[in-house]
Peer 1: 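My questions all concern the structure below.
Here the structure is a predicted model, which means the values were calculated and not measured.
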Amino acid sequence: MKKVSCNYIFLFLYLPLYCLLGGCSSEWVSQMFSSSPAEQRVENSLPQSTVSQPEKNIIRTPKGASSLDLETPLRCSVNWKTQQMISTIPYNIRAFNMVRNGSNDILPKFEVNAFSFETMPAERALLRLTKEAGIKLVAKDSPYASISAENLSGDLSEVINMICDAAEIYYSYNANNKTLRISRKANFSLYVPQSRPILLAILDVLRGAGITNFTSDFEDYSITFEADFELHQKILNLINYFEENPILIAFDVNVFRIYPYNNQDIDWQQLLNIFSFGTIKSTKTGVLGRVLTTSDDINMASLNAFIGKQGKIVPVAEGKFVVPNNWFARFDVGKCGDNRSIESDLSVLAKASFEQGNMLFSNVTLEATKGEITQFSIRSRLGENFLIIGIPNAIFNKKSPKSETIVFMVPRIIRTLKTSKHLQNNL
């Protein structure tokens with residue numbers, strides 16, 4: 001056995017007491033426990049930093065292919081000279097149709113009697129049920145909600161439907177391999193009337209709900225997407241909403257940037273000197289910027305004339321989006337502008353309602369990838385415009401003192417008229 005030196009016993013037993021009584025300094029302790037010269041040479045010989053290998057270039061889809069967007073001809077053009085404040089579009093209510101995609105065979109005939117279970121995940125309950133029927137169960141994204149049931153009876157398909165509805169999941173059955181698959185989401189296609197404003201309204205509502213992964217077919221006016229139970233119900237509510245001959249609120253939008261001459265602030269106060277009193281109906285301050293509610297005397301032509309004397313105007317994007325009454329919709333600036341611009345990830349969200357006396361109540365939010373920039377609640381009359389000023393370009397990481405991003409919006413009303421006649425290519 002290896003002997004332990006008495007010196008080490010002294011250090012570990014008596015050194016703490018000796019230091020407590022003030023008999024040693026921190027410097028002396030540091031020297032006592034410091035590494036030996038050999039150990040120090042080993043430590044000093046270790047590399048102080050590691051050199052990482054350069055990352056391989058990530059292969060991406062070219063921007064030209066990524067930026068192809070079939071909505072551009074419909075969405076990204078505005079006739080600022082002749083804007084119709086109120087228009088009416090007829091539509092065939094029977095054209096609305098929501099179908100589920102994918103194969104789903106008929107379940108085998110199997111009578112279920114008094115099937116009960118207490119507080120268990122839906123996949124476990126279905127496993128018990130399908131095992132007796134000789135059906136294999138595949139749960140794609142379990143676990144699902146825990147549910148209870150008592151004395152479920154009827155055909156196998158009816159009982160499975162009841163369990164899936166309670167757990168808010170979907171199922172599909174493959175008769176060839178006797179496999180039942182369950183999942184939180186399913187793939188749907190929504191067919192809408194052949195009306196471009198209605199199609200844009202549905203697309204904008206989906207984006208307003210945060211759903212961006214969908215495919216639009218402009219030949220048969222359909223939208224294909226994956227939906228969970230909550231989104232599925234929202235779409236069904238939207239279809240039912242069109243039964244009431246709803247009003248759609250369309251917003252024409254122009255986004256541009258200003259670089260003031262000589263790095264001076266844009267003197268917006270001069271608007272009051274150029275335009276008659278009452279042209280600017282109201283103004284409201286947000287977290288950033290201000291929104292002006294104006295008469296139609298302040299339009300794109302008069303704005304360009306006013307701002308052009310104080311700074312350089314750089315167009316960013318223009319387009320339109322449609323909001324069903326009391327719904328949320330979204331306009332992505334990058335879809336109608338250069339995707340390399342600093343505002344390419346900017347979005348304009350709006351929820352609006354049309355009230356008696358041609359009054360509009362709008363909630364407008366400017367949002368970027370990193371979150372909300374600012375928002376305004378606006379009360380206006382039909383025929384009045386919104387002008388959002390004072391959004392610093394520093395928000396978009398643009399180092400240009402005094403420069404601003406401006407959003408100009410013109411709300412319009414689209415009345416819908418339900419009919420049973422066949423309508424095709426209604427613009």
Peer 1: To the closest 0.5 Å, what do you measure between CE (Met409) and CG (Leu387)?
Peer 2: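 Going from CE on Met409 over to CG on Leu387, the span is 11.0 Å.
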Peer 1: If you look at every heavy atom in Tyr221 and Pro193, which pair is closest and at what distance?
Peer 2: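 Taking Tyr221 first and Pro193 second, the nearest heavy atoms are CD2-O, 3.7 Å.
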Peer 1: Is there side-chain contact between Ile163 and Leu152, with heavy atoms separated by less than 4.5 Å?
Peer 2: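 In short, these two side chains touch, coming nearer than 4.5 Å.
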Peer 1: Are Leu126 and Ile169 close enough that some pair of their side-chain heavy atoms sits under 4.5 Å apart?
Peer 2: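 In contact.
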Peer 1: Please give me the minimum heavy-atom distance between Ile391 and Phe396, naming the atom from each residue.
Peer 2: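 Answer, listing the atom of Ile391 first, then Phe396: CG2-CE1, 4.3 Å.
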Peer 1: Applying side-chain contact (heavy atoms from CB on, under 4.5 Å) to Leu349 and Phe328, what does each step give before you reach the verdict?
Peer 2: CA-CA 7 Å; Leu349 286 82; Phe328 247 116; 4.3 Å; yes
Peer 1: Nearest 0.5 Å, what's the CD1-CG distance between Ile388 and Leu366?
Peer 2: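 Output value for this atom pair is 4.5 Å.
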Peer 1: How about CZ on Arg124, more than 12 heavy atoms from neighbouring residues, nucleotides or ligands closer than 6.0 Å, or not?
Peer 2: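 No, CZ of Arg124 has 12 or fewer neighbouring heavy atoms, counting only those of other groups under 6.0 Å.
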Peer 1: Which atom names give the shortest non-hydrogen contact between Glu318 and Val78, and what distance separates them?
Peer 2: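 For Glu318 versus Val78, the nearest heavy atoms are OE2-N, 3.6 Å.
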Peer 1: Quick one, Pro197 and Thr416 - any side-chain contact, counting heavy atoms below 4.5 Å?
Peer 2: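 Heavy-atom side-chain distance check fails, nothing below 4.5 Å.
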Peer 1: How long is the span from the NZ atom in Lys320 to the OG atom in Ser77, to the nearest 0.5 Å?
Peer 2: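 Between atom NZ of Lys320 and atom OG of Ser77 there are 4.0 Å.
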Peer 1: Quick check for you: to the nearest 0.5 Å, what is the distance between Asp155 atom CG and Leu107 atom CG?
Peer 2: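 CG of Leu107 is found 8.0 Å from CG of Asp155.
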Peer 1: Taking atom CD of Gln269 as the centre, does the number of heavy atoms from other residues, nucleotides or ligands within less than 6.0 Å exceed 12?
Peer 2: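 It does not: Gln269 CD has 12 such atoms or fewer within range.
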Peer 1: Could you pull out the closest heavy-atom pair between Lys284 and Ser377, with the gap in Å?
Peer 2: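 Here Lys284 and Ser377 meet closest at NZ-O, 3.2 Å.
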Peer 1: Just by modelled atom types, is the Gly334 backbone N or O under 3.5 Å from a matching donor or acceptor in the Asp332 side chain?
Peer 2: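 Judged by distance alone, no pair lies under 3.5 Å.
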Peer 1: Side chains of Ser148 and Glu150: donor-acceptor distance under 3.5 Å anywhere?
Peer 2: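 No, Glu150 and Ser148 have no side-chain donor paired with an acceptor closer than 3.5 Å.
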Peer 1: Is it the case that more than 12 heavy atoms not belonging to Arg181 sit under 6.0 Å from its CZ atom?
Peer 2: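 It does not: Arg181 CZ has 12 such atoms or fewer within range.
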Peer 1: Does the Asp252 side chain pair with the main chain of Val410, one donor and one acceptor, at a distance under 3.5 Å?
Peer 2: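 Absent.
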Peer 1: Under a 3.5 Å threshold, yes or no: a donor from one side chain and an acceptor from the other, between Ser153 and Asn113?
Peer 2: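 No.
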Peer 1: Apply side chain to side chain contact (heavy atoms under 4.5 Å, CB included) to Ala139 and list each qualifying residue two or more places apart in sequence or on a separate chain.
Peer 2: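 With neighbours one apart ignored, the set is Glu123, Ser142, Tyr144, Ile182.
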Peer 1: Is the CZ atom of Arg100 crowded by more than 12 outside heavy atoms at less than 6.0 Å?
Peer 2: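 Enclosed: over 12 neighbouring heavy atoms sit under 6.0 Å from CZ of Arg100.
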Peer 1: Decide yes or no for Arg330 and Glu367: does some side-chain heavy atom of the first lie under 4.5 Å from some side-chain heavy atom of the second?
Peer 2: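 Of all side-chain heavy-atom pairs linking Glu367 with Arg330, at least one is under 4.5 Å.
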Peer 1: Hey, mind stepping through Ile413 and Leu360 against side-chain contact (heavy atoms from CB on, under 4.5 Å) and telling me if it holds?
Peer 2: CA-CA 10 Å; Ile413 298 300; Leu360 276 170; 4.2 Å; yes
Peer 1: When the ring planes of Phe117 and Phe115 are compared, do they come out parallel, tilted or perpendicular, using 30° and 60° as the limits?
Peer 2: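 Ring orientation, 0 to 90° scale: tilted.
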Peer 1: Looking only at side-chain N and O atoms, does Glu158 offer a donor or acceptor that is under 3.5 Å from a partner on Asn161?
Peer 2: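 No pair is found: no donor N or O on one side chain lies under 3.5 Å from an acceptor on the other.
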Peer 1: Does any non-hydrogen side-chain atom of Asp220 lie less than 4.5 Å from one of Tyr191?
Peer 2: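 They are in contact (side-chain heavy atoms under 4.5 Å apart), so the answer is yes.
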Peer 1: Is there a donor-acceptor pair under 3.5 Å between the side chain of Asn363 and the backbone N or O of Ala350?
Peer 2: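 The answer is no, because no donor-acceptor pair under 3.5 Å joins these two groups.
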Peer 1: I need the Arg379 CZ to Met359 CE distance, nearest 0.5 Å.
Peer 2: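 Spacing of CZ (Arg379) from CE (Met359) equals 3.5 Å.
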Peer 1: More than 12 heavy atoms of other residues, nucleotides or ligands under 6.0 Å from CG of Asn177: is that the case?
Peer 2: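 Yes, CG of Asn177 has more than 12 neighbouring heavy atoms, counting only those of other groups under 6.0 Å.
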Peer 1: Once you round to the nearest 0.5 Å, how far does NZ of Lys185 lie from CZ of Phe225?
Peer 2: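 CZ of Phe225 is found 11.5 Å from NZ of Lys185.
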Peer 1: Starting from the C-alpha separation in whole Å, work towards a yes-or-no answer on salt bridge (charged side-chain N to carboxylate O under 4.0 Å, His left out) for Lys309 and Asp267.
Peer 2: CA-CA 10 Å; Lys309 296 178 181 178; Asp267 188 1; over 6 Å; no
Peer 1: Do Glu168 and Asp228 touch side chain to side chain, with heavy atoms closer than 4.5 Å?
Peer 2: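 Answer no - side chains too far apart.
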Peer 1: Show your reasoning for whether side-chain contact (heavy atoms from CB on, under 4.5 Å) applies to Ser195 and Ile89.
Peer 2: CA-CA 8 Å; Ser195 166; Ile89 57 170; 3.4 Å; yes
Peer 1: Go through the steps for Ile135 and Phe110 under the test side-chain contact (heavy atoms from CB on, under 4.5 Å), then give the verdict.
Peer 2: CA-CA 11 Å; Ile135 295 174; Phe110 188 84; over 6 Å; no
Peer 1: Work out which heavy atom in Leu74 is nearest to a heavy atom in Phe218; give both atom names and the distance.
Peer 2: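 Minimum heavy-atom separation between Leu74 and Phe218: CD1-CE2, 3.5 Å.
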Peer 1: A side-chain contact here means heavy atoms from C-beta on lying under 4.5 Å apart; do Phe242 and Val192 qualify?
Peer 2: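 Result no, sub-4.5 Å side-chain heavy-atom pair not found.
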Peer 1: Would you mind reporting whether Glu132 and Leu129 have side-chain heavy atoms less than 4.5 Å apart?
Peer 2: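 They are not in side-chain contact.
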Peer 1: If the plane angle is over 60° it's perpendicular, under 30° parallel, otherwise tilted; pick one for Phe251 and Phe321.
Peer 2: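 Taking Phe321 first and then Phe251, their aromatic rings lie parallel (interplane angle under 30°).
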Peer 1: Do you know the tightest heavy-atom contact between Thr130 and Ile160?
Peer 2: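 Minimum heavy-atom contact is CG2-CD1, 4.5 Å.
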Peer 1: Does atom CD of Glu118 have more than 12 heavy-atom neighbours from other groups under 6.0 Å away?
Peer 2: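 Result for CD/Glu118: open.
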Peer 1: Which pairs would a plain distance check flag for residues 291-298, meaning a side-chain donor or acceptor within less than 3.5 Å of a matching protein atom at least two apart in sequence or in another chain?
Peer 2:
{"from": "Thr293", "atom 1": "OG1", "to": "Ser282", "atom 2": "OG", "distance (Å)": "3.2"}
{"from": "Ser295", "atom 1": "OG", "to": "Asp297", "atom 2": "N", "distance (Å)": "3.3"}
{"from": "Asp296", "atom 1": "OD1", "to": "Asn385", "atom 2": "ND2", "distance (Å)": "3.4"}

